[in-house]
Amino acid sequence: MTAQEIIDNARTDMAIDPGKEIWTDSQLIRYLNEATSFLYAKANCKYEFEDGTVALLILNQANYALPADFRRMLWVKVVDNTKPVTSNEAVIPMVTNTLTDFQQTRDMDATGTGPSFTYIEDGELYVWPLPNATAVATYSLKFKYVKYPTELTGVGTPIFPAEWHFILGHYIRYRAFASKPGGSNKAFAQDALNEWELWSKKAIADMLHLQDERLSYIMPTLPSNNAK
């Protein structure tokens with residue numbers, strides 16, 4: 001279903017706003033995008049891989065812009081542009097939970113022919129050591145990242161399986177009813193939230209299953225009492 005069809009169905013289910021006088025389409029689309037963002041985040045967005053590059057390193061510059069839809073880095077590679085394409089890439093170690101120790105135990109203004117390490121800070125990609133003239137002339141970077149979902153408009157379609165699109169209506173109804181005062185609206189919002197929490201868990205489990213992120217049980221081999 002398109003986003004417009006999903007919010008139209010949600011509006012029909014709410015049964016009190018056919019003239020769009022209480023909630024505008026743009027408001028319901030915003031709620032729909034919130035719901036898709038939650039689903040993508042909880043499912044770890046593993047079906048949302050994207051490629052990125054830093055085509056030109058800059059002399060003595062550590063930080064480089066990341067794509068606007070960047071959510072999480074998977075890996076970064078340094079590309080030696082003087083070598084054949086079949087053997088010119090190497091993964092750079094990424095500094096994550098030890099970033100503070102890393103910065104305290106190194107001269108962060110040091111230059112070198114690396115880059116030898118990379119990390120994310122303040123929403124940008126950083127390399128260490130700072131690229132010297134040789135690094136600028138020799139290397140570029142490529143990376144793979146998980147992106148945030150694209151904001152849907154009325155004609156957009158959520159990218160997860162179509163059989164789960166209906167659950168977005170539960171979240172839309174929850175946010176819509178919760179945005180208005182009154183005991184009845186509060187009760188309607190709670191009912192919709194309960195449905196959302198139930199079905200979103202099922203949808204996420206299904207999506208992860210399709211991506212082979214499922215647990216497997218192997219029956220243990222038991223000793224046999226039968227004589228050999």
Side-chain angles (χ1 to χ4, degrees), residues 1-53 66-75 120 123 142-180 182 184-218:
M1 288 187 289
T2 66
Q4 186 65 51
E5 289 172 328
I6 293 170
I7 67 169
D8 287 346
N9 289 344
R11 194 185 297 278
T12 298
D13 290 341
M14 288 186 285
I16 59 173
D17 191 26
K20 305 181 182 182
E21 298 176 355
I22 302 176
W23 301 287
T24 63
D25 275 1
S26 61
Q27 187 175 4
L28 298 189
I29 288 285
R30 178 162 57 86
Y31 298 154
L32 180 147
N33 278 304
E34 286 179 12
T36 56
S37 294
F38 285 138
L39 282 176
Y40 294 165
K42 289 180 180 180
N44 210 22
C45 293
K46 286 185 179 291
Y47 38 81
E48 282 289 280
F49 294 155
E50 290 289 341
D51 295 320
T53 61
L66 287 166
D69 58 359
F70 174 85
R71 176 174 175 261
R72 180 172 57 85
M73 188 67 75
L74 297 175
W75 49 255
I120 306 296
K142 65 184 297 186
F143 55 88
K144 189 173 287 287
Y145 68 99
V146 175
K147 72 176 186 177
Y148 281 105
T150 302
E151 287 285 312
L152 292 173
T153 61
V155 296
T157 302
I159 67 168
F160 56 87
E163 60 264 29
W164 293 112
H165 287 179
F166 78 91
I167 68 174
L168 300 175
H170 295 315
Y171 186 87
I172 293 169
R173 290 189 294 108
Y174 154 61
R175 290 285 278 118
F177 282 124
S179 70
K180 300 301 178 184
S184 296
N185 286 331
K186 182 178 180 180
F188 290 146
Q190 186 62 55
D191 288 343
L193 178 60
N194 292 342
E195 291 293 314
W196 159 256
E197 291 180 341
L198 171 65
W199 287 103
S200 63
K201 290 177 182 178
K202 294 179 181 292
I204 291 165
D206 179 63
M207 284 185 262
L208 292 177
H209 177 86
L210 293 176
Q211 298 172 76
D212 291 328
E213 292 290 326
R214 55 186 182 272
L215 296 176
S216 297
Y217 176 75
I218 300 176

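- One distance of note links CG of Asp69 with CD of Glu50; it measures 6.5 Å at 0.5 Å rounding.
- Annotation: the span from Tyr171 atom OH to Glu34 atom CD amounts to 4.0 Å, rounded to 0.5 Å.
- Pro158 has its side chain within reach of Ile6: a pair of non-hydrogen atoms, C-beta onward, lies under 4.5 Å apart.
- Across Tyr31 and Ser179, no two heavy atoms sit closer than the pair OH-CB, 3.8 Å.
- Here the straight-line distance linking atom CD1 of Ile167 with atom CZ of Phe38 works out to 12.5 Å at 0.5 Å rounding.
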Check your understanding: Passes side chain to side chain contact (heavy atoms under 4.5 Å, CB included), Leu66 versus Met73? Steps please.
Key -> CA-CA 10 Å; Leu66 287 166; Met73 188 67 75; 3.8 Å; yes

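- Contact of the Lys202 side chain with the Trp164 side chain is registered, since non-hydrogen atoms from C-beta on lie closer than 4.5 Å.
- Put simply, the side chain of Met1 does not reach to within 4.5 Å of the side chain of Leu168, judged on heavy atoms.
- Contact of the Thr36 side chain with the Phe160 side chain is registered, since non-hydrogen atoms from C-beta on lie closer than 4.5 Å.
- Taken to the nearest 0.5 Å, the NE2 atom of His165 stands 9.0 Å off from the CD1 atom of Ile159.
- Here the closest non-hydrogen pair linking Ala178 and Ala189 is N-CB, 3.7 Å.
- For the atom pair Lys20 NZ and Ile22 CD1, the distance stands at 13.5 Å (nearest 0.5 Å).
- Looking at every heavy atom in both residues, Trp75 comes nearest to Lys142 through CZ3-O, 3.9 Å.
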Point to revise | Test log, rule side chain to side chain contact (heavy atoms under 4.5 Å, CB included), inputs Val146 and Leu74 | key: CA-CA 7 Å; Val146 175; Leu74 297 175; 3.9 Å; yes

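- Counting heavy atoms from C-beta on, the side chains of Arg11 and Asp25 come closer than 4.5 Å.
- Using cut-offs of 30° and 60° on the angle between ring planes, the pair Tyr145 and Phe143 is tilted.
- Annotation for Leu32 and Leu152: closest pair CD2-CD1, 3.4 Å, computed over non-hydrogen atoms.
- Summarising the geometry, atom CD belonging to Glu195 is positioned 8.5 Å from atom CZ belonging to Phe166; distances are rounded to the nearest 0.5 Å.
- Taking 4.5 Å as the limit, some side-chain heavy atom of Phe177 sits within range of a side-chain heavy atom of Ile16.
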**Study point:** Stepwise side-chain hydrogen bond (donor to acceptor under 3.5 Å, both in side chains) test for Gln190 and Asn194
**Key:** CA-CA 6 Å; Gln190 186 62 55; Asn194 292 342; 2.9 Å; yes

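- Looking only at atom types and distance, the side chain of Asp8 has a donor-acceptor partner in the side chain of Gln4 under 3.5 Å away.
- The environment of NZ in Lys180 is crowded: more than 12 heavy-atom neighbours from other residues, nucleotides or ligands sit within 6.0 Å.
- Within a 6.0 Å sphere centred on CZ of Phe188, heavy atoms belonging to other residues, nucleotides or ligands number 12 at most.
- Around atom NZ of Lys144, more than 12 heavy atoms belonging to other residues, nucleotides or ligands sit under 6.0 Å away.
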